[in-house]
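Please read the structure below before turning to the comments.
Because only heavy atoms are used, hydrogens play no part in the values below, and waters and symmetry mates are left out as well, while side chains stay in. Ligands are counted one by one from 1 in listed order, and the atoms in each one are counted from 1 as well.
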Amino acid sequence: MTNAGPFIAFEGGDGAGKSTQVRLLAAAFEEVGREVVVTRQPGGTALGTQIRGLVLHGDHMSPRAEALLFAADKAQHVDEVIRPALARGAVVITDRYTDSSIAYQGAGRDLGADEVAQIQHWSVGGLFPDLTVLIDIDAAEGRRRREGTHDRLEAEADDYHEAVRSHFLALAGADPSRYLVIDGTLAPGDIHLRVHQACTVAGWLPL
Ligand code: TYD
């Protein structure tokens with residue numbers, strides 16, 4: 001492990017229930033006296049908040065412009081929030097990270113996932129999470145759960161969200177030691193138990 005953290009990312013489709021899990025895991029680390037920095041992308045910095053407004057609520061934008069805006073958000077985020085937190089020994093838990101871009105901008109957006117991955121890795125200066133928790137739900141279930149909310153990406157059709165899901169699963173499958181894939185239809189408490197257990201096995205949380 002190269003970071004002081006750990007640095008843990010939650011990934012998954014819209015409506016997967018990441019935010020709840022981020023909260024539960026943060027509380028578990030805080031309970032054992034750790035400083036926890038919780039953050040989300042896009043957003044999480046002043047510049048990131050402006051970028052968030054552009055990419056989620058703006059008009060149509062070119063796929064490359066979209067990919068670069070998400071990358072700029074991450075670059076700022078890593079420099080301003082994540083690296084300083086890890087450097088002072090905090091646990092960092094992020095709601096989405098580079099895989100979201102690889103999955104969303106790489107899926108059905110005319111860009112190859114490999115190209116997007118290269119841009120993302122450059123933008124975060126090669127800082128990867130120690131663990132990525134992928135909460136997996138299918139497109140129809142995601143749509144059902146986010147009924148009523150429609151940012152620009154959420155409003156995409158189910159086949160786009162299925163492509164996003166396949167990209168996430170492919171990333172996890174290619175590097176199983178750094179991923180924990182959990183069925184997002186499980187109860188939130190059960191999902192948390194699995195995440196907690198993985199952190200215990202890794203030595204980050206006591207038994
Ligand atoms: P998120 O903050 O999880 O949404 P919300 O706060 O509405 O629950 O993510 C917003 C959207 O941005 C989501 O549809 C996924 C998308 N996204 C990308 O397309 N690329 C990225 O790099 C990131 C971080 C998010």
Side-chain angles (χ1 to χ4, degrees), residues 7-23 25-26 38-45 47-82 92-125 127-129 132-168 171 184 188:
F7 173 28
I8 299 171
F10 281 81
E11 296 278 13
D14 292 286
K18 296 182 304 301
S19 315
T20 306
Q21 295 303 324
V22 166
R23 265 200 311 280
L25 186 61
V38 169
T39 182
R40 72 166 183 177
Q41 304 192 354
T45 63
L47 178 61
T49 303
Q50 287 182 289
I51 295 175
R52 185 178 174 87
L54 288 173
V55 287
L56 297 188
H57 307 294
D59 293 333
H60 169 78
M61 64 180 63
S62 108
R64 283 167 198 269
E66 179 183 296
L68 289 170
L69 283 170
F70 277 113
D73 167 65
K74 295 213 183 55
Q76 187 68 26
H77 204 87
V78 164
D79 279 357
E80 198 178 314
V81 179
I82 299 179
V92 177
I93 304 176
T94 186
D95 191 338
R96 298 194 181 279
Y97 196 56
T98 49
D99 289 355
S100 275
S101 228
I102 299 168
Y104 282 83
Q105 278 66 61
R109 283 264 191 253
D110 307 327
L111 302 175
D114 290 347
E115 285 176 69
V116 178
Q118 278 175 26
I119 293 166
Q120 285 290 315
H121 297 169
W122 180 81
S123 70
V124 300
L127 179 71
F128 295 106
T132 297
V133 180
L134 171 57
I135 305 182
D136 178 47
I137 53 161
D138 68 29
E141 175 66 10
R143 179 169 32 77
R144 201 179 56 70
R145 292 185 187 185
R146 67 178 181 271
E147 217 174 317
T149 63
H150 302 291
D151 68 38
R152 210 168 51 79
L153 289 133
E154 285 167 345
E156 291 283 346
D158 279 7
D159 57 356
Y160 174 73
H161 287 283
E162 272 308 329
V164 168
R165 179 190 188 197
S166 309
H167 276 71
F168 275 133
L171 287 165

What part of [X], side chain from CB on, backbone N/CA/C/O, both or neither, has a heavy atom under 4.0 Å from ligand 1?
X: D151; result: side chain
X: E66; result: neither
X: H77; result: neither
X: R40; result: side chain
X: L56; result: side chain

Apply the side-chain hydrogen bond (donor to acceptor under 3.5 Å, both in side chains) test between R152 and each candidate in E66, H60, H57; give the one that qualifies. E66
Stepwise, does the side chain to side chain contact (heavy atoms under 4.5 Å, CB included) test hold for Y160 with Y104? CA-CA 8 Å; Y160 174 73; Y104 282 83; 3.5 Å; yes
Using heavy-atom distances, let me know which of Q105, E154, E156 sits nearest atom 19 (O) of ligand 1. Q105
Looking only at side chains, do Q120 and S101 share a donor and an acceptor under 3.5 Å apart? yes
Considering non-hydrogen atoms of the protein only, which is the closest contact for [atom], and what is the distance?
atom: atom 22 (O) of ligand 1; answer: K74 NZ, 2.6 Å
atom: atom 13 (C) of ligand 1; answer: D14 OD1, 3.3 Å
atom: atom 21 (C) of ligand 1; answer: F70 CD2, 3.2 Å
atom: atom 5 (P) of ligand 1; answer: R52 NH2, 3.7 Å
atom: atom 9 (O) of ligand 1; answer: R96 NE, 3.2 Å

Look only at interatomic distance and state if [X] has a nitrogen or oxygen under 3.5 Å from any nitrogen or oxygen of ligand 1.
X: Y97; value: no
X: D95; value: no
X: Q120; value: no

With a 3.5 Å distance limit and no angle check, can you tell me whether [X] reaches the backbone of [Y] through a side-chain donor-acceptor pair?
X: H167; Y: S100; answer: no
X: E154; Y: D151; answer: yes
X: Q21; Y: P188; answer: yes

Side-chain contact test, heavy atoms from C-beta onward, threshold under 4.5 Å: evaluate it for K74 versus I51 and give yes or no. no
Do V124 and Y97 have side chains that approach each other closer than 4.5 Å (heavy atoms only, starting at C-beta)? yes
D95 and R23 ion-paired at < 4.0 Å: no
For Q41, the ligand 1 atoms whose distance to one of its heavy atoms is below 4.0 Å: 2 (O), 24 (C)
Under 4.0 Å to a heavy atom of L153 - the qualifying atoms of ligand 1, by number: 12 (O), 14 (O), 16 (C), 19 (O)
T98, I82, V92 screened by side chain to side chain contact (heavy atoms under 4.5 Å, CB included) with L127, the one that passes: I82
In D136, D158, D99, the residue satisfying salt bridge (Lys or Arg N to Asp or Glu O under 4.0 Å) with R165 is D136
Heavy-atom gap R152 to ligand 1 smaller than 4.0 Å: no
